[in-house]
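Read through the structure below, which is laid out as C-alpha cells, and then see the notes.
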There are 2 protein chains.
Amino acid sequence: MSETTADRLVYRGKEYTCGIDVTLAVVGGKWKASILWHLAQQTMRFSDLQRQFSDTTRKMLTQQLRELETDGLVHREVYPQVPPKVEYSLTEKGMSMYPILLQMGNWAREHLRD
Amino acid sequence: MSETTADRLVYRGKEYTCGIDVTLAVVGGKWKASILWHLAQQTMRFSDLQRQFSDTTRKMLTQQLRELETDGLVHREVYPQVPPKVEYSLTEKGMSMYPILLQMGNWAREHLRD
DNA sequence: CAGGATCCAAGATGATACTG
DNA sequence: CAGTATCATCTTGGATCCTG
C-alpha cells in the first residue's frame, strides 16, 4: 500500500479512499472472512475446506484462496504426490487479522439482535 | 440476529455462517465504511456527503445510507423546510463500530505495504 | 436540496464438464 | 485430489431523467 495525494491510497493498482476500504477489499470477499477464521483454527486441506463450505463451488473456493494467497494472508503448500495433497494455512499476516475478525464477530452478536 | 442450528445465524432473513459475515454484510458495502468514518467525525448533510464522495452517484450514496439506516447505524434527520435539509449522523450502534473501523485502517497501514 | 424511477452495462457468482 | 475452462445467470453499479 502506498500513499499518493490527499489521503488517497493505492494498493495493487487500485485507488482507495482510506485504509479501511483496503482492508475490506482484502478480507471482505465472499467467504474470505470465514476461510480465515477456519484456517486460524487449523491447517486444512482443500477437501477439508470443501466440506466446511459445502454450499460453495470449488471454483469460488479456489478463487478466494488464490486472492488471499496473493495478498499474503494464506500459505499454500503443495505436496508433489499422487493423488495430490494441498494444505492451506495462515501466514503471520493472516494471523494478524484474526483479532479483528473476532471483534467483528463479537460486534454482531452484541449489537445486531433482530 | 438470531441463532438456528449448528452455528448458523440469521439476520434480516438471510443466513450467515458466522457473526463476522453478518458484520461484513452490514459495513462491507461499497462506501459504507467510509461513510461511517466521515459521520463519526461530524454530522453531515446530504450535500456534504456528496462533496466528500464526488465520484459516487447520488443513487449509490442514498442507497448505502438507507441500508445503514435500516441496520440502525445511521440516523436520518429530515427538517421540514424548503429547500429540504437532511442531516445524517451516527447512532450509538454506529459509534460502537468506529473502534473496529480504526483498527481495520491501521491493519492496512501496518501490514499491506506494496 | 434531496431524493426516486428506469434502463442498461459490467462484474460477480453458479452449473457443468474436463484434466493431470 | 485438487483443480481449470467455459458458458449461463444473477446481482451491482452507473447514466440519465423526473419530482416535491
Side-chain angles (χ1 to χ4, degrees), chain A residues 11-17 21-22 24-35 38-39 42-71 74-90, chain B residues 11-17 21-22 24-35 38-39 42-71 74-90:
Chain A
Y11 178 65
R12 298 192 185 283
K14 286 194 177 180
E15 274 209 2
Y16 297 89
T17 54
D21 286 334
V22 179
L24 282 173
V26 171
V27 306
K30 208 166 187 180
W31 315 114
K32 281 187 185 175
S34 262
I35 291 172
H38 280 286
L39 292 184
Q42 59 189 311
T43 293
M44 295 177 83
R45 297 184 57 168
F46 187 76
S47 51
D48 297 328
L49 286 165
Q50 273 200 100
R51 256 183 298 280
Q52 286 297 327
F53 298 89
S54 54
D55 44 353
T56 310
T57 59
R58 277 189 303 277
K59 177 190 161 188
M60 281 310 297
L61 206 48
T62 303
Q63 186 179 305
Q64 304 296 303
L65 285 166
R66 288 287 180 286
E67 292 178 12
L68 288 170
E69 193 191 355
T70 299
D71 287 322
V74 161
H75 172 70
R76 177 169 177 263
E77 183 76 30
V78 182
Y79 295 87
Q81 61 185 47
V82 179
K85 174 181 172 182
V86 177
E87 282 188 344
Y88 291 92
S89 57
L90 288 194
Chain B
Y11 178 67
R12 300 193 185 280
K14 285 195 179 182
E15 274 208 1
Y16 297 89
T17 54
D21 286 335
V22 180
L24 282 173
V26 171
V27 306
K30 207 166 187 180
W31 314 114
K32 281 187 184 174
S34 261
I35 291 172
H38 279 287
L39 292 183
Q42 59 188 313
T43 293
M44 295 178 83
R45 296 184 60 168
F46 187 76
S47 50
D48 296 328
L49 285 165
Q50 273 198 101
R51 255 183 299 281
Q52 285 298 329
F53 297 89
S54 54
D55 45 353
T56 309
T57 59
R58 279 190 302 278
K59 176 191 165 190
M60 282 309 299
L61 207 48
T62 304
Q63 186 178 305
Q64 303 297 304
L65 285 165
R66 286 291 178 285
E67 292 178 11
L68 288 170
E69 192 190 356
T70 299
D71 288 320
V74 160
H75 172 69
R76 176 168 177 263
E77 183 77 31
V78 182
Y79 295 87
Q81 60 184 47
V82 178
K85 173 179 172 182
V86 178
E87 283 188 343
Y88 291 93
S89 57
L90 287 195

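Please read these numbers as outputs of a predicted model, since none were measured by experiment. In what follows, every chain begins at residue 1, and chains take the letters A, B, ... in the order their sequences are listed.
Aromatic ring pairs are classed by plane angle as parallel below 30°, tilted from 30° to 60° and perpendicular above 60°; the pair Y88(A) and F46(A) is tilted.
A pairwise comparison of heavy atoms in T70(A) and R12(A) identifies O-NH2, 2.9 Å as the closest pair. Shown here for L68(B) and V26(B), the closest heavy-atom pair between the two residues is CD2-O, 3.8 Å. What you find for T56(A) and L61(A) is that their closest heavy atoms are CG2-N, 4.2 Å.
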Trace of the salt bridge (charged side-chain N to carboxylate O under 4.0 Å, His left out) decision for R51(B) with D48(B)
CA-CA 5 Å; R51(B) 255 183 299 281; D48(B) 296 328; 3.0 Å; yes
Candidate pair Y11(B) and D71(B), rule side-chain hydrogen bond (donor to acceptor under 3.5 Å, both in side chains), full reasoning
CA-CA 10 Å; Y11(B) 178 67; D71(B) 288 320; 2.8 Å; yes
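Atom NZ of K59(A) is separated from atom P of dC7(D) by 12 Å (rounded to the nearest Å). Atom-to-atom, CG of L61(A) to P of dG3(D) comes out at 9 Å; the value is rounded to the nearest Å. Atom CD in Q63(B) sits about 11 Å away from atom C1' in dG14(D), given to the nearest Å. The CZ atom of R76(A) sits 7 Å away from the P atom of dT4(D) (whole-angstrom rounding).
Under 4.0 angstrom from either OP1 or OP2 of dG3(D) there lies at least one side-chain N or O belonging to Y88(A). K30(B) has a side-chain polar atom (N or O) that falls below the 4.0 Å cut-off from OP1 or OP2 of dG14(D). Between R58(B) and dT16(D), a side-chain N or O to OP1/OP2 separation shorter than 4.0 Å is absent.
Two residues, P84(A) and T57(B), neighbour DNA chain D, and the one matched to the more 5' nucleotide by heavy-atom proximity is P84(A). A residue-by-residue look at P83(A) and W31(A) shows that W31(A) has its nearest nucleotide of DNA chain C further toward the 5' end.
Running 5' to 3' along DNA chain C, contacts with non-hydrogen atoms of chain B at under 4.0 Å begin and end at dC1(C) to dT6(C).
Here the straight-line distance linking atom OH of Y79(B) with atom CZ of R45(B) works out to 9.5 Å at 0.5 Å rounding. Once rounded to the nearest 0.5 Å, the distance linking NE2 of H75(A) with CD of E87(A) reads 9.0 Å. One distance of note links NZ of K32(A) with CD of E67(A); it measures 4.0 Å at 0.5 Å rounding.
Shown for residues 43-56 of chain B: residues whose heavy atoms fall under 4.0 angstrom of DNA chain C, namely R45(B), F46(B), S47(B).
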